[in-house]
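Below you'll find the structure, written out as structure tokens, and then a few comments.
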2 protein chains.
Amino acid sequence: MAGNGRASGGVEAVPASQQGMRRQNLAVVIGAVAAHGPLSRADVAGHTGLTRPAVSSMVDELIGRGALTETETAPSGRVGRPGRALALNDRGPAGLGLEIGVTHLAACVVDLRGEPRVWRRVERANAGRPAGQVLAEAAALGAEAEAEADALGLRVAGRVLAVPGVVPNEPSGLVANAPNLGWQAVRPADHWPDPDTVPEPENEANLGALAEQWHQGHPAETFVHVSAEAGIGGALVVGGQLFRGARGFAGELGHLPVHPEGAPCACGARGCLEQYAGEAAVLREAGLAHVGDPVALLAERAGAGDEATLRALDRAGRALGLALTSAVNLIDPDGLVLGGAYAELADWLLPSIRAELAARITVRPWAPEAVRPSALGRRGPVLGAAWSTVRQIIADPSRLQALAR
Amino acid sequence: MAGNGRASGGVEAVPASQQGMRRQNLAVVIGAVAAHGPLSRADVAGHTGLTRPAVSSMVDELIGRGALTETETAPSGRVGRPGRALALNDRGPAGLGLEIGVTHLAACVVDLRGEPRVWRRVERANAGRPAGQVLAEAAALGAEAEAEADALGLRVAGRVLAVPGVVPNEPSGLVANAPNLGWQAVRPADHWPDPDTVPEPENEANLGALAEQWHQGHPAETFVHVSAEAGIGGALVVGGQLFRGARGFAGELGHLPVHPEGAPCACGARGCLEQYAGEAAVLREAGLAHVGDPVALLAERAGAGDEATLRALDRAGRALGLALTSAVNLIDPDGLVLGGAYAELADWLLPSIRAELAARITVRPWAPEAVRPSALGRRGPVLGAAWSTVRQIIADPSRLQALAR
DNA sequence: TTAATTTGTTTTTCGTCATTACAAATAACC
DNA sequence: GGTTATTTGTAATGACGAAAAACAAATTAA
């Protein structure tokens, strides 16, 4: 599930038990294999500090649950009995990621190694359509993907749905508001055809941020992820964990006041970032109509040197730089990541963003390269949704059912 | 120590051991006593889910380490054998808090219950004096306080020093920059007379925020603490833990850009919050000279209805409101706390802060009462410094030496 | 072929908590 | 006042999991 990093709720520390110890050590073992490629039991013992017998016992259990497999033993060339290589099972538990975008639906299944094994993507104009209809189509796409995964020997163990909207901490499972889809207080579970495959919804910017984090492989990074798809989404990752804030609204920087007395915004305030760096604002400033794929259009015009487009992107970059200055002052992150559509426009946005940050961040160390485009771009949210399940399994494999086979 | 909440560093999960289980359960037991007043062993078992024998065993150990004591058993009035009340020891381990301010030094010793038992405060013009001299005087004050604590049967187990400056995560023990004192890269350990009593430095706004948190007793709150003492300090508390950011600069909102094209700031940027809500800026705007206790002067003038002062405070409040709008959008906190000098000026700052927030936070739930003045005001930092040690002991009592008596 | 080395498993030991049983201390009841 | 019910704290026993020690298996080096 994508619920990592939620407020820990009750503060009463829970007593430690022997079962808890076992659970944590199972996670340590599978975590070592996940982090350092194929390892023998002895290697795992060396990496983790557990003894070889303890590792052996847990490996047995993890194999029984389908999480690990013994693979072909590569000749090591070293003296002594060769170890038997352990790896994450590529025919075991898997994660299903679903995405509902304004103009498309997507699904993706990843195996325990994180490798995408099934892809589905269809264009659909979802804005304004009844939520039930859209969700039914997403469910159908997910069922197709699951069937294909099944044929590959994969067993989907969790489902997460990326939506371009706000998903509050409480009550869970609710999409409170997705303006670009026209959704208000939609609960996917209420419209899902099959109650056994209901996904957990999560904000797409949050999932994109997690995807970036896992893709880069810097495990404990703290960064701010900004993405654009119709609205402006933002997400905070702190020490490798999603930071959702007290109610789940953290990181939403579309309405940060960048020019306090500036243009009035639909939200009722003035000078919000969205009025300068939102898709609609940039298109307006560039003198372009909102048709087809507006991001591709902007990139094409900017690449061709169109003055108005370059000016619009420069203005957007400066506004983003201002908003990110606030973020850096408050959060002190390792880096800033431009995701979604911003990743595709990074060539034209980065210079003004970096210039603005360099001019305004003066009392602490700051390197322009700390701002970087996302490596995943628009695929981030689906991948993040699918990876969420897999990461959760690796963080606590004790929840896996033992294989019935 | 004040190092709670630092980036967890190595991400390799550590294996769970039986000693670790014991350590955690010791913390659970003492935590239950700390949270719910005097309890019998059976009460603790009920609160924690541990069994009575397990609790008994751990209570024995905690008494041996001086953390708990059996107190007078109050007649319960209920049937059955009466329990023997356990409480935090008020003659055991203690925390020493030290503070170096621009115009004063302070020291404070708290017992395990968190009760302040020794207070010291002297006025000193510390700005611009050699750091070694100031630190030597702080050490002397601390030694006095420790001697007095010793006479009360207290045993100082940790020392934390609040400074009005930046304390980065790495290298630890370093005050990188304290502009109001004129310090640059000062390491208290290098100037401390007695190597056995060297304190760990920490930013005073961070400690003030922790103090507020513990004083209120809302354990897992997420809030932003803003304080003023010469500069503007800020701190983030997330789920009850200090959030220091990747390098230790998190929460520093003095240079948040509130009016991007506004007044130039000493930092090199334009329109920083400090230019509108900093002490110097407010005094200038109010037409007052910087003499004696400027905060008291401002409060007196404002209370007397002085127009220029009221205008200056209103302007400061609106700027703070703008900066806090960014903080709310990014962090989604439970609340905002005005600390330090701002707490004493809250009557005149709060209206404009709240108005600005109400006008600008539109896309999420927000209540004006979420902004509140600190209950501790200027005593927050010393108390936070002293409490840090005590909280750390309660979070992990296994580190306590067994009593030699 | 033998020795050295490394791996993985088996056996034993140890530490921790849970369960059960029991003694001690009190209130309620007759 | 004595008996019973109830609750507390401790002692004895058991279960579980990891550590330590011992050992069998598989490889390289000599």
Side-chain angles (χ1 to χ4, degrees), chain A residues 13-30 32-33 36 38-64 68-87 397-398, chain B residues 13-30 32-33 38-64 68-87 396-398:
Chain A
V14 103
S17 62
Q18 298 184 334
Q19 292 89 306
M21 188 164 73
R22 178 84 180 170
R23 195 174 343 166
Q24 178 171 338
N25 285 341
L26 283 172
V28 166
V29 168
I30 194 174
V33 175
H36 304 101
L39 296 177
S40 70
R41 290 163 176 78
D43 291 336
V44 172
H47 271 95
T48 60
L50 290 160
T51 58
R52 291 203 310 275
V55 170
S56 262
S57 148
M58 284 177 290
V59 164
D60 286 349
E61 182 167 344
L62 289 169
I63 289 177
L68 293 182
T69 44
E70 287 192 327
T71 62
E72 285 311 301
T73 292
S76 71
R78 298 171 51 209
V79 68
R81 171 176 167 177
R84 298 204 306 203
L86 299 164
S398 70
Chain B
V14 104
S17 63
Q18 298 183 333
Q19 292 91 307
M21 186 164 77
R22 179 82 179 172
R23 192 174 344 162
Q24 178 170 339
N25 285 340
L26 284 172
V28 166
V29 168
I30 195 174
V33 175
L39 297 177
S40 69
R41 290 163 176 78
D43 291 336
V44 172
H47 270 95
T48 60
L50 290 160
T51 58
R52 291 204 309 275
V55 171
S56 262
S57 148
M58 282 177 289
V59 164
D60 286 349
E61 182 167 345
L62 289 170
I63 290 177
L68 292 181
T69 44
E70 286 192 329
T71 61
E72 286 310 304
T73 292
S76 70
R78 299 170 51 210
V79 68
R81 171 176 167 178
R84 297 204 306 203
L86 299 165
D396 181 9
S398 70

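To find a chain, count down the sequence lines: A is the first, B the second, and so on, and within it residues start at 1. Keep in mind that this is a model prediction, so the values were computed, not measured.
The CD1-P distance, from Ile63(A) to dT9(C), rounds to 9 Å in whole Å. Per the geometry, CG belonging to Asp60(A) stands 10 Å off C1' belonging to dG8(C), to the nearest Å. For the pair Leu86(A) CG and dG8(C) P, the computed distance is 7 Å after rounding to whole Å. In this structure, Gln24(B) atom CD and dG15(C) atom C1' are separated by 16 Å, rounded to whole Å. In this structure, the CZ atom of Arg84(B) is 11 Å from the P atom of dT26(C), given to the nearest Å. With rounding to whole Å, Arg41(A) atom CZ is found 15 Å from dT10(C) atom C1'. The CZ atom of Arg52(A) sits 12 Å away from the C1' atom of dT10(C) (whole-angstrom rounding). Met58(A) places its CE atom 15 Å from the C1' atom of dT9(C), with the value rounded to the nearest Å.
With distances taken from any side-chain atom of Ala54(B) to the nucleotides dC17(C), dT6(C), dT9(C), the minimum falls on dC17(C). Minimum atom distance to the side chain of Gln18(A) is reached by dT16(C), of the listed dT19(C), dT5(C), dT16(C). Minimum atom distance to the side chain of Ala42(A) is reached by dG8(C), of the listed dT19(C), dG8(C), dA4(C).
Toward the 5' end of DNA chain C, the nearer of the two residues Ser17(A) and Glu70(A), judged by each one's closest nucleotide, is Glu70(A). Of the residues near DNA chain D, Asn25(A) and Val79(A), the one whose nearest nucleotide (by heavy atom distance) lies more toward the 5' end is Asn25(A). Where Asp43(B) and Thr51(A) meet DNA chain D, the nucleotide closest to each residue was compared, and Asp43(B) sits on the side nearer the 5' end. DNA chain C is contacted by both Ser56(A) and Gly80(A); Gly80(A) maps to the nucleotide lying nearer its 5′ end (nearest heavy atom per residue).
With hydrogens and angles disregarded, a donor-acceptor distance shorter than 3.5 Å links the side chain of Gln24(B) to the backbone of Val14(A). Between the side chain of Asn25(A) and the main chain of Ala16(B), a donor-acceptor pair closer than 3.5 Å is present.
At a threshold of 4.0 angstrom between heavy atoms, the contacts of Ser40(B) are confined to the sugar-phosphate backbone, with no base atom among them. Residue-level contact check: Pro53(B) touches the bases, meaning some heavy atom is under 4.0 Å from a base atom.
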> Where do Leu39(B) and Leu86(B) land on the side-chain contact (heavy atoms from CB on, under 4.5 Å) test, with the steps shown first?
Replying inline: CA-CA 5 Å; Leu39(B) 297 177; Leu86(B) 299 165; 5.6 Å; no
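Between Arg23(A) atom CZ and Ser17(A) atom OG the span is 6.5 Å, to the nearest 0.5 Å. Here Leu62(B) contributes atom CG and Thr69(B) contributes atom OG1; the two are 11.0 Å apart, rounded to the nearest 0.5 Å. With values rounded to the nearest 0.5 angstrom, Leu26(A) atom CG is found 9.5 Å from Leu68(A) atom CG.
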Only pairs under 3.5 Å count here: list side-chain donor-acceptor contacts from residues 53-60 of chain A, not counting sequence neighbours, and write none if there are none.
from	atom 1	to	atom 2	distance (Å)
Ser57(A)	OG	Arg22(A)	NH1	3.0
Ser57(A)	OG	Arg22(A)	NH2	3.0

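Taking only distance into account, the side chain of Arg81(B) never meets the base of dT26(C) through a donor-acceptor pair shorter than 3.5 Å.
Chain B approaches DNA chain D over the interval dT6(D) to dG17(D), counting the first and last nucleotide 5' to 3' with an atom under 4.0 Å from its heavy atoms.
Listed by chain and number, the residues in a salt bridge (charged side-chain N to carboxylate O under 4.0 Å, His left out) with Arg84(B) are Glu70(B) (sequence neighbours excluded).
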